[in-house]
Amino acid sequence: MDKYVIKGGSRLNGDVIISGAKNAAVAILPAVILSDSPCRIENIPDISDVKILIHILKEMGGEIEYLDRHTVEIDPRPIETEAVSAQIARQIRASYYFIGALLGRCRKAVVPLPGGCNFGVRPIDQHLKGFAALGCDYSLDNGMISVTAPDDLHGASIYLDVVTVGATMNIMLAAVKARGLTIIENAAREPHIVDLANFLNTMGADVRGAGTDTIKIHGVQSLRGVTYSIIPDQIEAGTYMVAAAATGGDVTVKNVTPKHLESISAKLEEMGVTVEEGDDTVRVICNKPLRKCNVKTMPHPGFPTDMQPQIATLLSVAHGTSMINESIWENNRFKYVDELRRMGAQITVDGKVAIIEGVDHLKGAPVRAPDLRAGAAMVIAGLVAEGTTVVEDVKYIERGYERIVEKLAGLGADIYRSQEPEEVMDKIG
Ligand code: EPZ
């Protein structure tokens, strides 16, 4: 059971290079099966969620060649199945993108019900509503979703009852080769949705309006293999920005799209942090006490829910009382609060609202990573705490953060990975 051992107190300084966006990669990789020839995907993050999806593609019969750690060539032509085996696919929620992609490829999909982070119910009713509108029948039995389009897929107007990233992307995948016009209204606007649309259009699809709340898709007959490079990861970048601020550091985050980070930059500036934007960089300088602020998570371009645990950690050592309102997920997205409390944070949670009383400092302790972003928050807490923090269950963190230990150590953090439990307990001693 790997752990991270972090000795707090180092100010982070220097440059960090951001990897490709996890939440774009997990949709673009399944989308490859829509093409009639091989695709080369560049700038894919070297993380476990991506490895699982590549494994699924290989299990389905796809031919995979890694050209380097961040570039993979995928030939979907040998794929003959319309099913994704549950054994591994159930481990990540994003495996449900194979439904839309398989419907687009062969009008049939049999995929396990989504797994993923354990924060609350993660329904797929809007996905199924979209598939039904496109002419599909579906059934859920013994943990598998079976979706078929008995009379082919036809365009439709779909109004999403909830702004949902997953349903927006999954419907897009099914609609790009459907007959006629599909309109998705109340669509999510995240950068990774625009990236998927750009990938599909590069292959010859006709997707317009991605990044707005109305997406129009004219179905096409076929899509061709292309070379495509994935956008930088907005949330990885935001995580390092918050870590820089939390440690009173001076960090330049490289290979980013500053526009995607505007809500995060704005919150940091509200807290008294200096944020300097370059073409593909953001420099974060924190040399004065952090001010409190209130945060409400919203669909893009609002403050991302995937940055909520990280900003909560920063607010826990800011001056004054802050409030966080989690409007996207149930209150299970506050599971990290118990772990932060073990380090001396003063946080109370009431439903979807957390009230944070800033404290002078956190104290190192053994903590767990309840989920991916909460795990990142625990790492940030360890960086700022007095003493040593041991973060367990780091497998969740490594679902979405490539080489986080190396990247933080490169910024001057005192952090290492440990496989020896007794060594770790001695360390806390
Ligand atoms: C994506 O999850 C991300 N995951 C999540 O990031 C992120 O938190 C979320 O979008 C919101 O930005 C991936 O992209 C792989 P949603 P997704 O569908 O698509 C409700 C991370 O840390 N809803 O936008 O599953 C749902 O319950 C992960 O990288 C329905 O009601 O999220 C939630 O309240 C964690 N019915 C809200 O919509 C549906 O059919 C947003 O969910 C679908 C969703």
Side-chain angles (χ1 to χ4, degrees), residues 19-31 45 47-50 52-53 89 91-100 113-133 138 140 145 147 158-173 184 186-196 213 230-231 233-239 260 263-264 297-310 325-336 352 369-377 396-402:
S19 302
K22 167 179 88 78
N23 291 347
V26 298
I28 286 172
L29 288 169
I47 54 177
S48 57
D49 271 14
V50 163
I52 288 173
L53 290 171
Q91 292 174 38
I92 61 168
R93 178 172 179 80
S95 50
Y96 62 23
Y97 288 131
F98 280 105
I99 305 172
L113 270 168
C117 277
N118 55 356
F119 52 85
V121 176
R122 298 188 72 174
I124 58 166
D125 58 298
Q126 299 299 305
H127 301 236
L128 298 173
K129 169 182 177 178
F131 297 144
Y138 61 83
L140 309 182
I145 310 163
V147 189
I158 300 155
Y159 186 89
L160 294 175
D161 304 328
V162 184
V163 177
T164 147
V165 167
T168 302
M169 300 237 252
N170 228 345
I171 294 165
M172 195 191 294
L173 289 167
I184 306 172
N186 199 25
R189 302 166 53 189
E190 273 66 10
H192 27 291
I193 289 174
V194 177
D195 208 28
L196 175 64
D213 61 4
I230 289 174
I231 55 169
D233 194 309
Q234 166 201 36
I235 304 302
E236 185 196 16
T239 302
H260 294 164
S263 62
I264 302 164
T297 65
M298 292 294 284
H300 192 77
F303 190 86
T305 176
D306 292 347
M307 283 297 303
Q308 187 254 86
Q310 300 92 310
N325 184 337
E326 171 55 59
S327 76
I328 306 289
W329 294 106
E330 299 165 41
N331 57 6
N332 308 61
R333 188 144 222 186
F334 286 121
K335 289 181 78 144
Y336 63 90
K352 293 194 161 202
D371 61 63
L372 165 56
R373 305 304 174 183
Y396 287 115
I397 300 172
E398 296 179 350
R399 288 187 46 212
Y401 288 93
E402 177 179 340

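Every number for a ligand or one of its atoms is a count from 1 in the order of the listing. In this chain, residues are counted from 1 in sequence order. Just so you know, these numbers come straight off a predicted model, no measurement behind them.
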Self-check item: Atom indices of ligand 1 within 4.0 angstrom of Arg93 heavy atoms, with elements
Solution: 17 (P), 25 (O)
Quiz item: Is the closest side-chain donor-acceptor distance between Thr297 and Glu326 under 3.5 Å?
Solution: yes
Quiz item: Does an N or O anywhere in Thr305 fall below 3.5 Å from an N or O of ligand 1?
Solution: no
Quiz item: Any side-chain donor-acceptor pair under 3.5 Å between Glu190 and Asn23?
Solution: no
Exercise. If the plane angle is over 60° it's perpendicular, under 30° parallel, otherwise tilted; pick one for Tyr96 and His127.
Key: tilted
Quiz item: Would you say Asp195's side chain and Ile231's backbone share a donor-acceptor pair under 3.5 angstrom?
Solution: yes
Quiz item: By number and element, which atoms of ligand 1 are closer than 4.0 Å to a non-hydrogen atom of His127?
Solution: 40 (O)
Quiz item: Any heavy atom of Tyr396 sitting closer than 4.0 Å to ligand 1?
Solution: no
Quiz prompt | Ile230 versus Ala24, closest heavy-atom pair with distance | solution = CG2-CB, 4.0 Å
Practice problem: From the options Val165, Asp49, Thr297, select the one whose nearest heavy atom is closest to atom 24 (O) of ligand 1. | Solution: Val165
Practice problem: Report the part of Asp306 (side chain from C-beta onward, or backbone N, CA, C, O) that has a heavy atom under 4.0 Å from ligand 1; answer both or neither where that applies. | Solution: side chain
Quiz prompt | Any Gln234 heavy atom less than 4.0 Å from ligand 1 | solution = no
Quiz item: Backbone, side chain, both or neither: what part of Arg333 comes under 4.0 angstrom of ligand 1, heavy atoms only?
Solution: side chain
Quiz item: Polar-atom distance check: Asn23 versus ligand 1, any N or O pair below 3.5 Å?
Solution: yes
Exercise. With heavy atoms of Gln126 as the reference, note each atom of ligand 1 found under 4.0 Å away.
Key: 36 (N), 39 (C), 40 (O)
Quiz item: Ile328 heavy atoms, cut-off 4.0 Å: which ligand 1 atoms fall inside?
Solution: 33 (C), 34 (O), 37 (C), 41 (C)
Exercise. Taking only heavy atoms of Tyr96 into account, list the atoms of ligand 1 that are under 4.0 Å away from them.
Key: 17 (P), 19 (O), 25 (O)
Quiz item: Is any side-chain heavy atom of Leu53 closer than 4.5 Å to a side-chain heavy atom of Phe98?
Solution: yes
Self-check item: Basic-acidic side-chain contact under 4.0 Å: Arg333, Asp306
Solution: yes
Exercise. Considering the heavy atoms of Gly166, write down every atom of ligand 1 situated less than 4.0 Å from one of them.
Key: 18 (O), 19 (O)
Quiz item: Among Ala94, Pro123, Ala25, whose heavy atom sits nearest atom 31 (O) of ligand 1?
Solution: Pro123
Quiz item: Taking the side chain from Asn186 and the backbone from Tyr159, do they hold a donor-acceptor pair closer than 3.5 Å?
Solution: no
Self-check item: Residue-ligand contact Ala188/ligand 1, heavy atom below 4.0 Å
Solution: no
Quiz item: How close do Thr239 and Ile235 get, heavy atom to heavy atom, and via which atoms?
Solution: OG1-O, 2.7 Å
Exercise. Run the salt-bridge test on Arg399 and Asp49 with the 4.0 Å N-O cut-off and return the result as yes or no.
Key: yes
Practice problem: Just jot down the ligand 1 atoms closer than 4.0 angstrom to any heavy atom of Lys22, in number order. | Solution: 21 (C), 29 (O)
